[in-house]
Amino acid sequence: MKIFVCVKHVPDSAATIVVRDKNQIDDKITFLLNPYDEYAVTEAVKLKKNLIQNGASSSLGQAQQSNQIEIIAVSLGTSDAEKTVRSAMEMGADRGILIKTDDRHQDSITTAKALKAAIEQDCSNQVACEDQSKEQEPAIIFTGRESIDMGGMQTMFRLGAYFNFPVVNNVVKFAPDVNFSVNRKVIVETLTEGGGRDVYEITLPCIIGAGRGLNTPIYPTFPDVVKARKREIKILTLSDLLKGSESDNKGAKTEIIDLELFAEKRTPKSIKGNASQIAKEIVKILKEEAKVI
Amino acid sequence: MKKTAVIIETKDGVIKEANYGMITCAAKDNNSELYAFIINEEVEPFKAHLKKHGIDKIVDISIPIDSDNHENQRSYEKSFNPILWSDALTQALTTYEISSLFALTTPIGKELLPRIAAQLEAPLVMDCLDVVKNSDNSCNDNNVCNSNNSSYLNSDFHLAKTSLYSGKTIATVKVTGDIRLFGIRPNAIEPSIKLSISKPKIENQDNQDQDQQGSFNIESSIIIEKFIAKNRYAQKSKIKLIESKKGDSSGNDLVAADVIISGGRAMKNSENFKILQDCADAIENLGVSSTAVGASRVAVDLGWVPYRMQVGQTGEKVNPKVYIACGVSGSIQHFAGMKMSKIIIAINENINAAIMSNCNYFVEADLFEIVPAITKELKR
Amino acid sequence: MNKKYDAIIIGAGVIGCPIAYELCKMGYKTLNVDKNPDAGEGSTAGSCAIVRAHYSTADGVALAYEGFKYWLDWENYLDNVQDEKGLAKYMNTGSLLLKSEGHDWKKVKKNYDEVGVKYEEWDNEKIKQMVPPVDLHKFWPVTRPEDPKFYDEPTEFLEGGIFCPEGGYMNDPALSAHNIMRAAEAKGGEFMFNAEVVDIRSENNRVVGITLKDGTQIDAPIVVNVGGPHSYKINKMAKGVWEGCNIKTKALRHEVMYCPSPDDYDYLNEGYHISDGDIACYARPEVGNTFLIGSEDPKCDPQEWVDPDEFYAGKGGPGRDNQLTEAQWKAQCYRWAKRIPTLPVPNQPKGVVDLYDCSDDWIPVYDKSDLDGFYMAVGTSGNQYKNAPVVGKMMAGLINACEKEGLDHDKTPFQFKYQYTGRVMNVGFFSRKREINKNSSFSVNG
């Protein structure tokens with residue numbers, strides 16, 4: 001069984017952003033695994049543990065079962081994104097795939113196509129093992145609910161459309177159904193308006209966009225880091241992977257043509273009066289200036 | 001004639017205020033007919049308001065529960081189901097030959113827009129602060145307009161302004177494609193009334209209004225079209241929405257909050273943080289923003305609040321629209337966590353506190369008088 | 001007419017405030033000027049505020065051991081002053097120094113014996129009992145995660161450690177400075193904030209006062225430079241001062257990491273301050289059950305000497321500005337993660353970047369200058385927070401002896417008697433004219 005986790009190499013939310021060349025950022029800052037992807041990797045690891053522990057019906061021992069369930073981290077990025085794939089492996093992914101490209105900005109349609117191609121390619125390369133027949137498709141694909149740099153919130157849906165798999169995003173609860181080994185169903189909760197929850201029953205294969213609070217990310221210890229150093233990262237190139245399919249969607253895309261730093265210069269203004277007058281003024285600011293009410 | 005559509009979001013039978021800013025943005029294109037897509041609502045009461053802001057046609061969408069026999073069908077999907085709704089909207093978009101689609105970047109919009117975009121393999125920009133057309137009507141240097149001769153596939157909306165890199169930059173995004181989707185940040189655009197003097201030229205209209213004066217008989221000049229979508233998920237679906245649970249808004253996420261109220265040393269104890277939570281709840285109950293209560297390091301060190309509420313260099317880094325700092329002195333370490341806030345309001349008895357010279361608004365007063373007063377004013 | 005004081009102290013950090021306090025107690029009318037908005041908001045705020053006694057010189061150990069007594073008796077030291085912000089608290093965790101090749105621990109032990117510091121020698125078994133998650137392999141020499149040798153399997157073990165029951169940290173260094181300010185004000189001291197010094201005026205080789213950025217001139221026959229990382233710039237403003245120092249100072253950038261403790265170890269309440277020369281790290285507990293991990297500046301780590309004004313303004317680019325770097329996050333956290341193998345290291349760097357006011361031999365300069373009336377308490381090199389209250393008393397004593405008792409400190413150095421340990425300190429040890437002290441560890445260990 002193959003569990004894929006799509007991960008992205010993004011600037012640290014605490015990093016100072018400097019714009020250069022009109023639409024690029026200075027990349028000599030800290031880049032790391034997208035925080036939402038941490039929930040995705042952790043959930044994949046939890047799922048694998050869960051399936052192994054509950055694989056009582058299988059005649060295979062736990063170690064053999066562990067070999068049968070693979071977590072593969074996939075990323076589209078520049079060559080330094082290899083660090084993030086390695087990060088995902090330190091958090092429990094068994095293998096990694098990096099689709100290398102030179103352009104740091106990739107739009108969502110291209111990204112989804114690339115991820116789909118890489119995942120498909122990996123599944124068709126599967127070596128049949130033991131009594132498990134060749135799996136030509138992924139069992140489940142986890143992603144983070146959005147990337148903190150682009151915030152497009154859409155790649156997982158595109159991936160779902162390309163694979164024709166059901167997709168849910170902003171997932172805050174995930175569990176295999178009690179009869180998972182028979183019906184391949186998972187029960188999932190997404191976060192909706194005002195803290196509400198929508199509960200879905202989904203049949204695998206499917207795509208799960210992990211939301212904040214799905215789990216508590218389990219960060220690697222030093223022994224985990226040492227183990228991950230020995231695992232494989234396969235490097236592909238974007239141009240090779242998508243050869244021939246570029247003109248399919250008639251050039252539909254988004255492109256960042258300009259970036260400007262959002263600078264906040266504050267000139268403090270005093271709000272005076274009695275408590276009631278001050279409160280009125282603040283509510284007015286909330287309503288008219290901030291537009292939060 | 002090009003066609004633009006907006007997805008109208010309602011709550012309890014009322015159109016949410018934020019929609020009007022979005023409509024204003026979508027109505028900027030005078031060469032386009034503007035449609036409002038509304039699902040599962042009584043649309044008659046909406047006509048006047050929608051027309052006033054620029055809507056030409058309302059498409060009243062319903063989704064039958066069963067996929068067969070929809071002419072005889074009487075029962076429709078009532079509650080929000082992202083899978084059915086997005087598919088119904090995709091069908092409507094195609095049927096009405098829409099080339100630009102707008103919705104709000106809200107929990108609902110985040111479910112609908114990407115699904116529609118994925119189905120159509122169309123570009124989508126979320127959280128737009130603005131969307132504009134070409135500066136003139138001729139085709140741009142990439143000659144996108146000429147890619148297909150049908151006038152249907154020729155939208156002028158192609159530049160979106162959005163926030164990237166954790167709110168630190170504003171980006172201009174060029175959108176290319178026959179169909180383009182935009183998620184508007186709620187309240188980013190000021191709503192305005194659009195007076196249409198002349199009526200839009202539309203073919204195949206059955207119930208065109210006969211009033212030749214035009215602009216004064218507003219209500220009757222807006223057309224309502226009923227659209228019954230096909231329910232393609234009724235049988236054998238791999239995904240089933242089995243329950244929708246309403247939530248309480250307590251324990252909200254600092255990192256995602258639009259409005260954060262923080263307490264510092266002046267809070268004096270743990271119980272007093274309830275005053276801040278009450279204010280946060282009052283803001284949240286007005287329906288537009290998510291709120292959260294935060295704290296400075298001191299409050300955490302003294303054990304008044306848990307560490308997960310700490311804002312600062314060694315706590316959470318936040319990026320809200322409004323940060324209300326109550327009794328927080330504003331040390332450099334605290335600032336490192338909230339300096340990206342759009343508007344900072346400081347309430348402190350000490351006029352010399354660092355935060356008072358590093359905010360947008362300061363109130364030299366006792367937070368225990370001011371914060372409850374704000375809560376009271378919000379509830380009015 | 002310019003305002004006039006008996007003494008102007010430049011800087012209201014954790015060293016500048018006690019100097020004012022002690023001078024006030026002696027009857028001087030003092031003014032502290034600080035360019036930040038409040039006391040302790042400069043490099044004091046970034047201090048780990050560790051209180052420990054293991055220094056490489058007996059004098060260093062003695063000073064620290066004396067200082068320790070002040071933190072223990074905090075309310076009385078402050079003469080029971082009220083501070084609206086509350087009082088900083090001393091957390092006595094005890095201090096564990098692992099015996100390693102990174103520390104000349106035998107010298108430290110000798111110094112302890114000489115000064116009379118209480119300690120116990122712990123073997124590995126005892127350490128494992130007291131710090132359950134610890135791994136006592138020898139990881140020496142210190143390397144960086146970019147170096148493949150970093151991942152070599154260790155084969156030897158360390159040889160135990162030295163535990164001082166007296167040691168720990170102050171929970172809020174900025175607040176501690178603020179407390180001392182309030183104590184000084186109670187004795188008549190004045191403080192001025194958002195006030196940046198741009199000139200030090202003198203006549204006939206005597207200091208006469210300072211000039212602020214907004215043009216304000218304030219007069220005093222005594223000016224003390226306690227400007228922290230900015231101290232070298234201030235020394236350069238005063239005629240002849242910089243040239244008269246053999247030991248110079250400059251600002252060194254430093255990163256301190258905040259890493260969560262493993263869930264099953266209550267480091268905050270049960271952990272010790274640990275000094276680990278084997279991996280060139282030290283750690284102490286922090287709120288949130290966190291390890292605060294500092295570096296002991298191993299040779300393999302880059303040293304960034306920076307301009308303090310640029311640094312605090314956020315300039316200089318990655319590795320030189322006031323943002324944590326991923327490389328150093330991994331270096332310090334992974335080193336510590338070898339010692340605590342269950343330590344989970346988050347992907348996002350979290351911590352504090354600040355500056356040391358570093359002297360050429362990492363030993364402070366507590367001295368007068370070649371300009372009469374101009375004194376300095378500088379070059380604290382990241383290891384003097386713990387000595388602040390004593391240094392305040394010592395500097396006040398030195399100033400008074402020179403100004404009121406006619407002492408020629410360069411010729412016959414001021415002798416300072418420690419009130420708790422009774423030992424007498426030859427303050428000439430801290431002279432600006434000294435040759436580089438070869439006994440120094442040349443690190444934050446002092």
Side-chain angles (χ1 to χ4, degrees), chain A residues 11 13-14 17 19 25 107-109 148-154 157-158 160-161 166 169 192-203 206 212 249-262 264 266 268-271 275-276 278-280 282-283 285-286 289-293, chain B residues 107 110 114-115 117-119 121-127 147 164-178 187 238-249 253 258-259 283 286 288-289 317 321-322 343 345 356-363 365 369-370 373-374 377-378:
Chain A
S13 61
I17 300 290
V19 176
I25 61 160
D107 98 331
S108 178
I109 294 175
I148 59 171
D149 56 353
M150 299 290 118
M153 311 177 220
Q154 56 192 264
F157 292 101
R158 297 189 188 278
N169 199 17
T192 59
E193 229 181 354
R197 304 287 178 97
D198 276 354
V199 187
Y200 291 89
E201 185 188 86
I202 309 176
T203 310
C206 67
R212 192 173 161 96
N249 63 330
K250 303 181 208 108
K253 62 177 180 184
T254 59
E255 204 184 317
I256 299 169
I257 58 173
D258 190 75
L259 271 180
E260 252 171 57
L261 274 187
F262 174 66
E264 195 58 68
R266 304 187 205 271
K269 296 191 205 60
S270 175
I271 304 177
S276 161
I278 292 172
K280 276 193 173 60
I282 290 179
V283 170
I285 292 166
L286 292 177
E289 190 180 333
K291 302 193 178 127
V292 290
I293 55 171
Chain B
K110 290 181 193 178
R115 291 179 192 277
Q119 255 181 289
E121 216 175 2
L124 161 64
V125 184
M126 294 292 274
D127 199 34
S147 67
L164 298 181
Y165 293 107
S166 307
K168 295 176 195 175
T169 62
I170 305 286
T172 305
V173 180
K174 183 165 114 177
V175 182
T176 314
D178 297 330
N187 303 316
K238 296 266 165 117
I239 177 169
K240 224 167 28 183
L241 174 62
I242 52 184
E243 195 190 342
S244 273
K245 302 193 258 195
K246 286 241 170 291
D248 66 71
S249 43
D253 195 11
D258 297 311
V259 180
I283 294 174
L286 294 175
V288 171
S289 311
K317 302 206 178 57
K321 295 193 187 117
V322 182
I343 295 176
I345 302 175
M356 302 297 252
S357 43
N358 254 310
C359 58
N360 300 86
Y361 297 96
F362 62 94
V363 178
E369 283 183 27
I370 304 297
I374 299 172
E377 181 67 24
L378 288 163

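All chains are named by letter (A, B, ...) in the order of the sequence lines, taking the proteins before the strands, and each is independently numbered beginning at 1.
In this structure, CE in A/Met153 is found 9.0 Å from CG in B/Leu124, a value given to the nearest 0.5 Å. B/Ile370 contributes atom CD1, which lies 6.5 Å from atom CD1 of A/Ile282 (distance to the nearest 0.5 angstrom). Separating the CE atom in A/Met150 from the OH atom in B/Tyr165 is a distance of 3.5 Å, to the nearest 0.5 Å. Note that CD of B/Glu377 is 4.5 Å distant from NZ of A/Lys280, once rounded to the nearest 0.5 Å. Distance check: A/Asp198 CG to B/Glu243 CD gives 9.0 Å after rounding to the nearest 0.5 Å. One distance of note links OG of B/Ser244 with OH of A/Tyr200; it measures 7.0 Å at 0.5 Å rounding.
Using a distance-only test at 3.5 Å, with no hydrogens or angles considered, a donor-acceptor pair links the side chain of A/Arg158 to the main chain of B/Ala122.
Interface residue A/Val292: backbone and side-chain heavy atoms are both found under 4.5 Å from chain B. Only the side chain of A/Ile278 comes within contact range of chain B, with at least one heavy atom under 4.5 Å from a heavy atom of that chain. Looking at B/Val322, only its side chain comes within 4.5 Å of chain A, counting heavy atoms on both sides. The parts of A/Arg197 that come within reach of chain B are both its backbone and its side chain, each placing non-hydrogen atoms under 4.5 angstrom from that chain. Only the backbone of B/Asn358 comes within less than 4.5 Å of a heavy atom in chain A; its side chain stays farther off. Using a 4.5 Å cut-off between heavy atoms, B/Lys110 contacts chain A through both its backbone and its side chain. Contact annotation for A/Ser108: neither backbone nor side-chain heavy atoms come within less than 4.5 Å of a heavy atom of chain B. If you measure heavy-atom distances from B/Ile345 to chain A, the contacts under 4.5 Å come from the side chain alone. Residue A/Leu259 touches chain B through both its backbone and its side chain, counting heavy-atom pairs closer than 4.5 Å. Heavy atoms of B/Val259 lying under 4.5 Å from chain A belong exclusively to its side chain.
The two atoms that bring B/Pro107 and A/Thr192 nearest to each other are CB-C, 4.3 Å, heavy atoms only.
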Show the numbers, then the answer: is there a side chain to side chain contact (heavy atoms under 4.5 Å, CB included) between A/Ile257 and B/Val173?
-> CA-CA 6 Å; A/Ile257 58 173; B/Val173 180; over 6 Å; no
